[in-house]
Amino acid sequence: MKINEDKMNYSEYFTNRSTDEITKDLIGRPLIFISHGKKLGGYIVEAEAYMGKKDRAAHSYGGRRSPANEGLYRKGGTIYIYSQRQYFFFDVACQEENEPQGILIRAIEPVWGIDEMTQNRNGKNGVLLTNGTAKMMQAFGIHSRNWDLHFLSDSPFAIDLNDENKKVAQKIIASARIGINQSDPIWAKKKLRYYVAGNPYVSNMKKREMREDHGWQRR
DNA sequence: AAAACGATCATCT
DNA sequence: GATGATCGTTTTA
């Protein structure tokens, strides 16, 4: 695994293209969290793009800025952790500083440290382990905003950008984002949520749509 | 299998 | 005092 080499590329990777293109590209890449020396994580199967000041559904809509959403305003590759009710979300900022766009990682297919993650989730296993952003954070054992505002390479998080380690989806579906304010007809309907067709770990995936091969291409 | 709803708290008005 | 980029359980078909 050549993760270290690629750490240098986070700045470039999270600024080179439009945020929705980056979001789509992240599907199938490994997301890793090191906890007590143990490697936890899995493949990203679902993510949403938030397009900044103009995006009605984004926390930074209209240039809103406060300590709560400061992470979005930092340079691409900065972690933005947001809490709502008793839950935590994991985002990565995109584009240059002061261009508050970002990606919400919504779900992973668990691969590494499944026993530890199951413990962190109080015994919940299978699909329920990580099919939602707050569930994933619970599986990592995260109960604070401690890593908010840290750059990816200065944190226990890693996204493996090496193409050799990326799973390729047979089909990536674009749909409307989940749980957002529906009052704006344009932005509520934009297809900025991307997920692996048929993967059981995608949130709200219907049983009849799940596929035996989890929707990945054969290598 | 899908829809409804209550929990619960930092943040902002 | 209202409000969510949710979750888990209960209700309904």
Side-chain angles (χ1 to χ4, degrees), chain A residues 14 19-20 22-24 26-27 31 44-74 78-95 99-108 110 117-149 157 173-195 198-211:
Chain A
F14 286 105
T19 300
D20 56 335
I22 302 168
T23 307
K24 196 172 172 182
L26 278 177
I27 302 295
L31 171 68
I44 297 170
V45 295
E46 180 183 4
E48 291 177 354
Y50 287 86
M51 304 302 284
K53 298 175 186 174
K54 64 186 176 192
D55 184 350
R56 201 63 184 267
H59 290 157
S60 53
Y61 172 67
R64 288 168 58 98
R65 185 171 186 167
S66 76
N69 70 354
E70 177 64 22
L72 284 173
Y73 285 83
R74 301 294 176 90
T78 303
I79 294 169
Y80 167 43
I81 292 177
Y82 176 77
S83 67
Q84 179 180 99
R85 294 173 165 82
Q86 68 272 50
Y87 304 120
F88 291 90
F89 305 95
F90 180 76
D91 293 51
V92 181
C94 288
Q95 309 310 330
E99 181 53 51
Q101 305 190 18
I103 296 170
L104 170 67
I105 308 291
R106 282 189 60 89
I108 61 173
M117 293 197 285
T118 304
Q119 279 182 24
N120 289 336
R121 289 275 292 140
N122 298 318
K124 292 224 161 40
N125 59 9
V127 165
L128 293 176
L129 192 56
T130 52
N131 68 343
T133 170
K135 297 177 194 176
M136 180 185 85
M137 291 296 260
Q138 222 177 70
F140 288 165
I142 294 170
H143 302 284
S144 80
R145 296 178 64 202
N146 186 49
W147 297 108
D148 184 45
L149 303 183
F157 287 95
I173 300 203
S175 79
R177 292 168 292 184
I178 291 191
I180 59 172
N181 189 348
Q182 297 296 313
S183 61
D184 185 283
I186 312 257
W187 284 98
K189 285 186 179 142
K190 288 235 187 219
K191 299 192 169 180
L192 293 170
R193 168 182 178 244
Y194 298 96
Y195 65 90
N199 188 285
Y201 293 92
V202 172
S203 64
N204 300 322
M205 178 61 64
K206 290 170 189 160
K207 225 167 202 171
R208 48 182 298 173
E209 291 175 10
M210 293 180 185
R211 295 185 198 168

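Proteins get letters first, then strands, A, B, ... in listed order; numbering begins at 1 in each. What you see below is based on every heavy atom in this structure, not just the backbone, and it leaves out hydrogens, waters and symmetry mates. All of these numbers come straight from a predicted model, not from anything done at the bench.
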Interatomic distance where CD belongs to A:Gln86 and P belongs to C:dG4 [whole Å]: 17 Å
In whole angstrom, what separates A:Gln84's CD from B:dC9's P? 13 Å
How is A:Leu128 classified with respect to the nucleic acid when contacts are heavy atoms under 4.0 Å: base, sugar-phosphate, or nothing? nothing
Base, sugar-phosphate alone, or nothing: which one does A:Ile180 contact when heavy atoms must sit under 4.0 Å apart? sugar-phosphate
Without decimals, in angstroms, what is the distance between A:Tyr50 OH and C:dA5 P? 8 Å
Heavy-atom distance under 4.5 Å between the side chains of A:Asp184 and A:Tyr61, does that happen here? no
Side-chain N,O (A:Lys124) to OP1/OP2 (C:dC7) below 4.0 Å: no
How long is the line joining NE2 of A:His59 and P of B:dC12, in whole Å? 11 Å
Give the nucleotide from the list C:dG8, C:dA5, B:dA1 with an atom nearest to the side chain of A:Lys207. B:dA1
A:Phe140/A:Phe90 aromatic ring centres below 6.0 Å: no
Give A:Thr133 one of three labels, base, sugar-phosphate or nothing, depending on what nucleic acid heavy atoms sit under 4.0 Å from its own. sugar-phosphate
Compare the minimum distances between each of C:dT6, C:dT9, C:dA5 and the side chain of A:Tyr87, then state the nucleotide with the smallest one. C:dT6
Is A:Tyr195 close to A:Met205 at the side-chain level, that is, under 4.5 Å between some pair of heavy atoms? yes
Got A:Met137 and A:Ile81 here, is their nearest side-chain heavy-atom distance under 4.5 Å? yes
Nearest-neighbour nucleotide for the A:Ala68 side chain, C:dA5, B:dC12, C:dG8 considered: B:dC12
State the CZ-OG1 distance between A:Phe14 and A:Thr78, to the nearest 0.5 angstrom. 10.0 Å
Using heavy-atom distances to pick each residue's nearest nucleotide on DNA chain B, tell me which of A:Lys206 and A:Arg145 is more 5'. A:Lys206
Report which part of the nucleic acid A:Asn181 touches: base, sugar-phosphate, or nothing (heavy-atom distance under 4.0 Å, all strands). nothing
Rounded interatomic separation in angstrom, taking CZ from A:Arg85 and C1' from B:dC5: 11 Å
NA contact type, A:Ile103, heavy-atom cut-off 4.0 Å: base, sugar-phosphate, or nothing? nothing
From C:dT9, B:dT11, C:dT6, nucleotide with atom closest to A:Ala134 side chain: C:dT6
Take atom CZ of A:Arg64 and atom P of C:dT3, then tell me their distance rounded to the nearest Å. 13 Å
Calculate the interatomic distance between A:Leu129 atom CG and C:dG8 atom P; express it in whole Å. 11 Å
Measure the distance from CD on A:Glu70 to P on B:dC12 and round it to the nearest whole Å. 12 Å
Which part of the nucleic acid, if any, lies within reach of A:Arg56 when heavy atoms closer than 4.0 Å are counted: base, sugar-phosphate only, or nothing? nothing
pair_partner(C:dA5), Watson-Crick or wobble, both distances < 3.5 Å, evaluates to none
pair A:Leu192-A:Met51: side-chain heavy atoms closer than 4.5 Å: yes
